[in-house]
Amino acid sequence: MHESCGVFGIYAPGINVAQTTFFALFALQHRGQESAGIAVTDGDGIRVHTCMGLVSQAFTETDISSLQGHIGIGHNRYSTTGSSKPMNAQPIMAESEGLTVALAHNGNIVNAKPLRDELQQRGYQFKTSSDSEVIATLILASPGQSWQKKTEHAMRRLQGAYSLVILTENKLIAVRDPFGVRPLCLGAINGGWCIASESCALDHIGAQFRREIDPGEILAIDSQGVTSLRQESDRKGLCIFEYIYFARPDSIIQDRLLYPVRETMGRILSEEYPVDADFVMGVPDSATAAGIGYAHASGIPYCECLLKNRYVGRTFIEPEQRIRELGVQLKFNPLSRIIAGKRLVVVDDSIVRGTTTPRVVSMLRKAGASEVHLRICAPPIRYPCFFGVDMASKWELIAARKTIPEIREHLGADSLGYLSIDGLIRAVDLPRDIFCLACFTGEYPIPVQIEMDKLALEALPEEDLIGADH
Ligand code: SF4
């Protein structure tokens, strides 16, 4: 499962904004590894550099030094809408009638297609296949004397998830959709301001966390300071997977540091699904904190039974079949001499298709584990996500096709326990109604998504999929 993107913005006269943006994107690399980009302005035109690959591969010293200015935005991309092509790398630039914007987007617009058709009929042209260009063009095409008013108008038409940073020649604008699906926060830096998907990026660049951007808020930063416009919404939908998996454990969302939240998920899992075992391990890195929580609560020692090659990233070298078949072996190496003959509790963050977990279980068995008990921090995922998470279509989700005992058998585990929705909410310790839980419950915050879900259901193959391995 992949998240869609990380965004960053900065308004800070007197500091090297391109270099600061580079290091902020470096801290947000976990949110997208497909492409990276930075756009900067000094008040006279916008310069942009985008490239495929990791942040460290996308920029040279020369690229950074060519991006001079005092306002900048940056983006890490994992494509969900729009294919993985250089032209879809962000920030996206859009121009019309003498106005220019650069925009970086985290999320997914569910009504992008009709909006694009409408804008094309009005004469606007598109260079990419991404929904983010639809947002940028819609803002340009919207009525209003100021960028805030144009953005506010565009927001009335947009349906879906969008945390945005927008660059004009004299302003930085931050926008969060009325559901607040994706996080976005404000920091202070050297008398200036910055915006980031996650607070961990602020820590790395020496900025001070100020607050989160509210759902439905438009924040504009320019030489006059910070101004805010808010649209009220009666329904919130913060993605609960930010707490389970997407965001880094050192980030703070809704005043909750994620590391102890994940530890508590593990503690509650041990209450809901206790088992006798010799060691507890978390599948690195995302389930480490939850594994430690399970170990503390159960009294079973924690052991790093599986070592992860932390330098494995996205590569453009297409592996030959023999290497491809190694699968998880390329990523993990089990400590066979410690595991041999031992009963293991293996804590993982989630199971989506059920293709990777059986390989991990089999690797641990081959390394000598006598029992493997799986404990999962997310409840069963039965419905697809339309909010920018590259999850799977409904028929690919293992929990949509199989019962829990069937999944356990498919995974090859001795036992399987999923954290309950109530247990998950207890771990986060925030009101349930501020979250999107749609991939567990099918209750989407936006009605149009239900229509899309119906379409996904209609696309189910006719034959009985139980027993099939996707
Ligand atoms: S459907 Fe699931 S993954 Fe998508 S936004 Fe909602 S909680 Fe997050």
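We count ligands from 1, going down the list as the structure has it; atoms in each ligand are counted the same way. Just so you know, residue 1 is the first one in the sequence shown, and it goes up from there. No experiment lies behind these values; they were computed from the predicted model shown.
- For ligand 1, the atoms lying closer than 4.0 Å to a non-hydrogen atom of Arg182 are 5 (S).
- Ring orientation note: the planes of Phe22 and Phe59 are nearly perpendicular, at an angle over 60° on the 30°/60° scale.
- With respect to the salt-bridge test (charged N to carboxylate O, under 4.0 angstrom), the residues Arg426 and Asp422 do not qualify.
- Counting atoms of ligand 1 from 1 in the listed order, those under 4.0 Å from a heavy atom of Cys439 are 1 (S), 2 (Fe), 3 (S), 7 (S).
- Ring orientation note: the planes of Phe241 and Phe440 are tilted relative to one another, at an angle of 30° to 60°.
- Comparing Cys436, Ala161, Cys385 by heavy-atom distance to atom 7 (S) of ligand 1, the nearest is Cys436.
- Glu263 has no carboxylate O lying under 4.0 Å from a charged side-chain N of Arg267, or vice versa, which leaves the two without a salt bridge.
- Looking only at distances, a side-chain donor or acceptor of Asn76 sits under 3.5 Å from a matching main-chain atom of Leu28.
- Atom numbering of ligand 1 starts at 1 in the shown order; those under 4.0 Å from a heavy atom of Cys239 are 3 (S), 5 (S), 7 (S), 8 (Fe).
- Neither the backbone nor the side chain of Glu443 comes within contact range of ligand 1; no heavy atom lies under 4.0 Å.
- Close contacts of ligand 1 with Phe387, meaning ligand atoms under 4.0 Å from a residue heavy atom, involve 5 (S).
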Could you please spell out the steps behind the salt bridge (charged side-chain N to carboxylate O under 4.0 Å, His left out) verdict for Glu217 and Arg176?
-> CA-CA 6 Å; Glu217 184 174 7; Arg176 198 163 168 213; over 6 Å; no
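- Within ligand 1, counting atoms from 1 as listed, the ones closer than 4.0 Å to a heavy atom of Phe241 are 3 (S).
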